[in-house]
Amino acid sequence: MIRTRLMALAAALWLIAGGVASAQYIDKYYNPFEYSKDPARFKAPPVPKYYNEDEHTRFYTLVDFKPNDKNVGRLFLNTDEKKNPIALDGEAAKFSVTYLSKGDLENFVEYWLAGRFKTFECVLTVPDNFEGHFWYYVYGDDKKLLQGDDLGKDRKSARISLSVEGVRRLVLKTAGGKQTNKLRVTWVNPILTEPKDDE
């Protein structure tokens, strides 16, 4: 009897430990800020060449950066999913990063900035016929730089402009309910700046 109880207790402890281990593995696998710290799982790509400059500043676009885009649906550069050009306020966008959202999961695209840049700006848009509710975030390494929850029925775009000084890893994240499955999410004209005097 005692032996049976001890065996049952050992089995229960083993199951609990296994469940905890599995939960930790799942958390680590789905946490973008944890798994990217592991150099064995994320090799930082090189910073691309700037596309323009003036007397004091160089300008880069995220379209030229290699993304970690495994946590979104299909990703499109400078077009929508039907290969149509992206327009903003009636004008063609020069650059854009578009993905189809994976339902009510958190979606994110991650970029390696190497701590070189000063500012990031873009306009986040959803289609005019979207009637749901949508959250968006920008992370710099482990720090939340921006959070918004005002895209949906009454507002289809949000202008983003923030400092990314010292940021090595930029994460653009969005989330919503089931109505966001396959929703087209577009980061229009995602531009980074680098001061020329920091060479």
Side-chain angles (χ1 to χ4, degrees), residues 22-51 58-81 83 86 93-126 134-149 151 158 160-176 180-194:
S22 297
Q24 288 174 344
Y25 174 78
I26 290 170
D27 287 346
K28 181 170 184 175
Y29 185 79
Y30 285 103
N31 186 333
F33 317 115
E34 287 299 323
Y35 102 74
S36 292
K37 290 177 182 176
D38 183 352
R41 299 186 69 180
F42 181 79
K43 183 178 178 182
V47 172
K49 183 175 174 56
Y50 56 90
Y51 75 88
R58 291 193 178 100
F59 300 92
Y60 299 74
T61 173
L62 282 186
V63 171
D64 292 335
F65 285 66
K66 182 179 180 180
N68 168 20
D69 59 349
K70 298 187 184 303
N71 289 276
V72 297
R74 295 180 62 195
L75 187 100
F76 306 89
L77 302 179
N78 300 327
T79 70
D80 65 14
E81 71 277 15
K83 303 301 181 187
I86 299 295
K94 189 169 185 179
F95 308 109
S96 64
V97 174
T98 298
Y99 57 77
L100 301 181
S101 177
K102 291 182 178 179
D104 58 354
L105 301 174
E106 288 188 330
N107 295 259
F108 65 88
V109 185
E110 184 176 41
Y111 296 91
W112 182 258
L113 304 188
R116 287 179 49 170
F117 300 98
K118 184 175 182 180
T119 64
F120 170 69
E121 64 179 45
C122 72
V123 178
L124 175 63
T125 68
V126 293
F134 201 62
W135 294 263
Y136 56 95
Y137 312 84
V138 177
Y139 281 82
D141 299 318
D142 292 328
K143 183 178 179 182
K144 187 187 294 181
L145 304 178
L146 175 75
Q147 176 177 338
D149 62 356
L151 288 190
I160 296 169
S161 180
L162 46 85
S163 170
V164 290
E165 286 192 73
V167 170
R168 296 189 306 157
R169 198 174 62 258
L170 182 72
V171 179
L172 308 179
K173 180 190 286 190
T174 56
T180 64
N181 188 42
K182 296 186 179 179
L183 176 71
R184 183 174 70 245
V185 178
T186 303
W187 304 79
V188 183
N189 294 330
I191 304 300
L192 295 157
T193 64
E194 177 185 41

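- Every residue meeting the side chain to side chain donor-acceptor pair (under 3.5 Å) condition with Gln147, not counting sequence neighbours, appears here in chain and number order: Lys144.
- Scanning both residues, Asp64 and Lys49, for their nearest heavy atoms gives OD2-O, 4.3 Å.
- Leu77 pairs by the side chain to side chain contact (heavy atoms under 4.5 Å, CB included) definition with Val63, Leu75, Val97, not counting sequence neighbours.
- For Tyr60, the side chain to side chain donor-acceptor pair (under 3.5 Å) criterion is met by Arg116, Glu194, not counting sequence neighbours.
- For the residue pair Pro190 and Cys122, the shortest heavy atom distance occurs at CA-CB, 3.6 Å.
- For Thr119, the side chain to side chain donor-acceptor pair (under 3.5 Å) test picks out Thr193, with sequence neighbours left out.
- Looking at heavy atoms from C-beta onward, Tyr99 lies out of side-chain contact with Arg74 at the 4.5 angstrom threshold.
- Between Phe120 and Val167 the shortest side-chain heavy-atom distance does not fall below 4.5 Å.
- Side-chain atoms of Leu192 and Tyr50, non-hydrogen and from C-beta on, never get closer than 4.5 Å to each other.
- Scored by the side chain to side chain contact (heavy atoms under 4.5 Å, CB included) test, Leu151 finds Leu124, Val126, Phe134, Tyr136, Arg155, Ala158 as partners (sequence neighbours excluded).
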Chi angles and distances behind the side-chain contact (heavy atoms from CB on, under 4.5 Å) call for Phe76, Lys83: CA-CA 8 Å; Phe76 306 89; Lys83 303 301 181 187; 4.0 Å; yes
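- Closest approach of Ala93 and Val188 over heavy atoms only: CB-CG1, 3.5 Å.
- Contact annotation: the side chain of Thr174 never approaches that of Leu172 to less than 4.5 Å [non-hydrogen atoms, C-beta and beyond].
- Remark: Ser96 engages no residue in a side chain to side chain donor-acceptor pair (under 3.5 Å) (not counting sequence neighbours).
- For the pair Val138/Leu170, a side-chain contact is recorded, criterion being any heavy-atom separation below 4.5 Å from C-beta on.
- Across Leu113 and Phe117, no two heavy atoms sit closer than the pair O-CE1, 3.4 Å.
- Every residue two or more places apart in sequence or in another chain that forms a side chain to side chain contact (heavy atoms under 4.5 Å, CB included) with Tyr51 is listed here: Phe59, Thr61, Lys94, Phe95, Ile191.
- For the pair Asp141 (side chain) and Arg169 (backbone), a donor-acceptor distance under 3.5 Å is present.
- Annotation for Ala175 and Glu106: closest pair CB-CG, 4.0 Å, computed over non-hydrogen atoms.
- Legend: residues meeting side chain to side chain contact (heavy atoms under 4.5 Å, CB included) with Lys143, ordered by chain and number and at least two apart, are Leu145.
- With hydrogens and angles disregarded, no donor-acceptor distance shorter than 3.5 Å links the side chain of Asn107 to the backbone of Val72.
- With sequence neighbours left out, the salt bridge (charged side-chain N to carboxylate O under 4.0 Å, His left out) criterion links Glu81 to Arg184.
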